[in-house]
Amino acid sequence: MKILKLILIITGIALVAFGLWNVFAPTETIDAGLIASNDTVDPNNQTFGMIGLGVIALVAGAFLKNRR
């Protein structure tokens, strides 16, 4: 159970961090003469779902009890 708890906590932290990175990451603009490209990604349901799953994994890992 200790391994499962550790995996849930690490996965939860990674999902929340990656989801927040997608929401708050700076957008890049490339301007090369006549060609301009904007790389804008709006937060969507997948990003919020990733954050939600990360929070669920963190809570599950925090409340998982060790078995003897």
Side-chain angles (χ1 to χ4, degrees):
M1 284 300 211
K2 289 182 182 180
I3 294 172
L4 180 62
K5 186 175 184 175
L6 183 65
I7 289 172
L8 282 172
I9 290 174
I10 290 173
T11 304
I13 290 171
L15 285 173
V16 170
F18 190 68
L20 290 175
W21 174 260
N22 283 339
V23 172
F24 295 113
T27 59
E28 295 183 16
T29 302
I30 299 171
D31 188 13
L34 298 174
I35 302 171
S37 172
N38 291 332
D39 183 21
T40 58
V41 177
D42 294 329
N44 53 17
N45 290 337
Q46 183 178 3
T47 302
F48 295 128
M50 191 180 316
I51 294 171
L53 284 176
V55 169
I56 290 171
L58 279 172
V59 169
F63 289 115
L64 191 66
K65 297 198 179 205
N66 293 331
R67 295 171 70 186
R68 293 184 192 206

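The first residue in the sequence is number 1, and the count goes up from there.
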side-chain contact (heavy atoms from CB on, under 4.5 Å) partner of Lys5, the single match among Ile7, Ile9, Leu8:
Ile9

Path from Ile51 to Phe24 over hydrophobic side-chain contacts below 4.5 Å:
yes

Could you work out the complete set of other residues in the hydrophobic cluster of Leu6, with links drawn between I, L, V, M, F, W and Y side chains under 4.5 Å apart?
Ile10

Counterpart residues, side-chain contact (heavy atoms from CB on, under 4.5 Å), relative to Ile56 (two or more places apart):
none

Phe63 with Val16, same ILVMFWY side-chain cluster at under 4.5 Å
yes

Identify the heavy atoms of Ala57 and Gly12 that sit nearest to each other, and give their distance.
CB-CA, 3.9 Å

Could you identify which residues cluster with Phe18, counting Ile, Leu, Val, Met, Phe, Trp and Tyr as linked when any side-chain heavy atoms lie under 4.5 Å apart, either directly or through a chain of such contacts?
Leu15, Met50, Leu53

